[in-house]
**Q** 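Quick one: structure below, then a few questions.
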Amino acid sequence: MATAQMSISPEDLSQVPQGSEKIPEPGILVIFGASGDLTRRKLLPALFHLEQAGLLPEKFAIVGTARRPLGNQFAEDMRGGIIEFGGIEASAPKLDDFISRISYLPLRFDHPGDYIELKAELERIAQEKGIGGRRLFYLATAPESFAGIIENLGAQGMAQPEQGKVSVVIEKPFGHDLESARELNRQVNAVFHEDQVFRIDHYLGKETVQNILVFRFANGIFEPIWNRNYVDHVQITVAETLGVEGRGPFYEKAGALRDVVQNHVMELLSLVALEPPSSFEAESVRREKRKVWRAIPSIPILNVVRGQYGAGQINGQPVVSYRDEERVSPNSGTETYAAVKLEVENWRWAGVPFYLRAGKRMQKRVTEIDIQFKQPPLLIFDRLAKSQNCQTIKPNLLTLRIQPDEGIALRFGAKVPTTLEMDVCPVKMDFDYAAAFGKSSANGYERLLLDAMLGDQTLFSHRDGVETTWALYTPILEAWANKKPEKFPNYAAGSWGPECGDHLIASGGHAWRNNLGKKV
Ligand code: BG6
């Protein structure tokens, strides 16, 4: 297909704001579960990126805690993580100074006595460095430990110190169904006020995800057609080539619906479907998202299908089946793929199907939102083109490439330059993030950590939002728990998922777009 590259001039680029004036007040960030992968791969690289951008306060300390006695080794491990995953040179300016602000304290999450030590240690650091009472507790542990940590922080009076604000960041998964999410919300809110709570979904830290709102509401031309009169259907795909990467015990209890659909995919859906918020304030944005989720009628069980990968090939390399992964049951019924068909029943979207799918060990790593528009009411040109490169007129398609190859493309029909026929060929206009703004080594946590330190909850989930999305999927999860799938594994690693996923979308008269990524 022909491509019309969209260009952005240097004058446009000079308008791009190069950083923010906002710097959080001095404080201590305490990471629970700091020996895990998240801290080394994402959090510390993101914090160092903030440091490089001059966005961390001068008086700032990071305290890692976990069960293992790691001592000084911890800070050195973090240095390794920053270099390996943050795209940072070992000799980078500021790195040594940054590492010197990191310390470690072994802590058993369920031992109240250990929190007395933690409190004393935080007071000691605060005094030594002249830091006030600002604290950010980051819960990056296994979800089973969240409630206990929160209770212990409360019991030691660490949730409400006199001198400064205290916030808590809670990683996903937030609960494993509606009841457990409600219970966790009750436990959290018994200790922390809702405005201290930051329920994280790292997808909201991605530039391309935030850009959905900018695309829709900072431009005048898309909003008028962003509705049931013009949109035929929407597809959201979160495909990964990765398997479970040693997280077998976690994933066995989670599965694709809990791990990715209930949170990341539903966040993407809400940003595509929401009404214009009155401002970019936390309450306005979160209210509009909630309205979208609440407008989704209960999802019939037949509109959700599941799959599990068997052995196959990823990028030409053989990979084992899910059931053969480390610490996974050899007859596991956990889904590694889920697809959903749903509707948003409001004036804007009634009758427009939304198809969602998420899977591991798929053919390609790609997260993409495809908005397919209706065909013109009357086609005055031949539907079938006669020229070699184009077979048929295709409907307009707007593709939001969330990752990788971040960008936005619009497909439309153009006349093939020939004197004989009026052949129409699909072409595309393509905006490429990296070409316009340069490549970035940011991982999305920069924005979320900074916002949490600044107390801005816009990009974090509210308790009602989490409960609403769980309410939609809990009946499905319960039905699945009661009936083991008969035909697992049902898709080969390296494919586009099971046949039942194709049948699901075909039942609405559509087909998955499988040439995802750069091509439209
Ligand atoms: C996490 C899931 O929330 O998101 C993982 O637990 C998944 O299973 C990951 O791999 C995907 O995130 P990203 O940013 O790598 O697309």
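Just follow the structure's listing: the first ligand is 1, and inside any ligand the first atom is 1.
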**Q** Side chains of Y309 and E325: is there a donor and an acceptor less than 3.5 Å apart?
**A**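 Yes, because at least one side-chain N or O of Y309 sits under 3.5 Å from a partner of the opposite role on E325.
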**Q** For Y203, is the NZ or CZ atom of K206 found under 6.0 angstrom from the centre of its six-membered ring and inside 45 degrees of the ring axis?
**A**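 K206 over Y203 ring: yes.
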**Q** Is it true that N185 and R199 share a donor-acceptor pair across their side chains at a distance under 3.5 Å?
**A** yes
**Q** For T474 and D177, test the side chains for any donor-to-acceptor distance below 3.5 angstrom and give the result as yes or no.
**A**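 Not at all, the side chains of T474 and D177 share no donor-acceptor pair under 3.5 Å.
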**Q** Is any side-chain heavy atom of S495 closer than 4.5 Å to one of M362?
**A** no
**Q** Is R41 salt-bridged to D37, going by a charged N under 4.0 Å from an acidic O?
**A**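 Yes.
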**Q** Taking only heavy atoms of the protein into account, state which residues are under 4.0 angstrom from an atom of ligand 1, in chain and number order.
**A** K172, H202, Y203, K206, E240, R247, D259, H264, K360, Q403
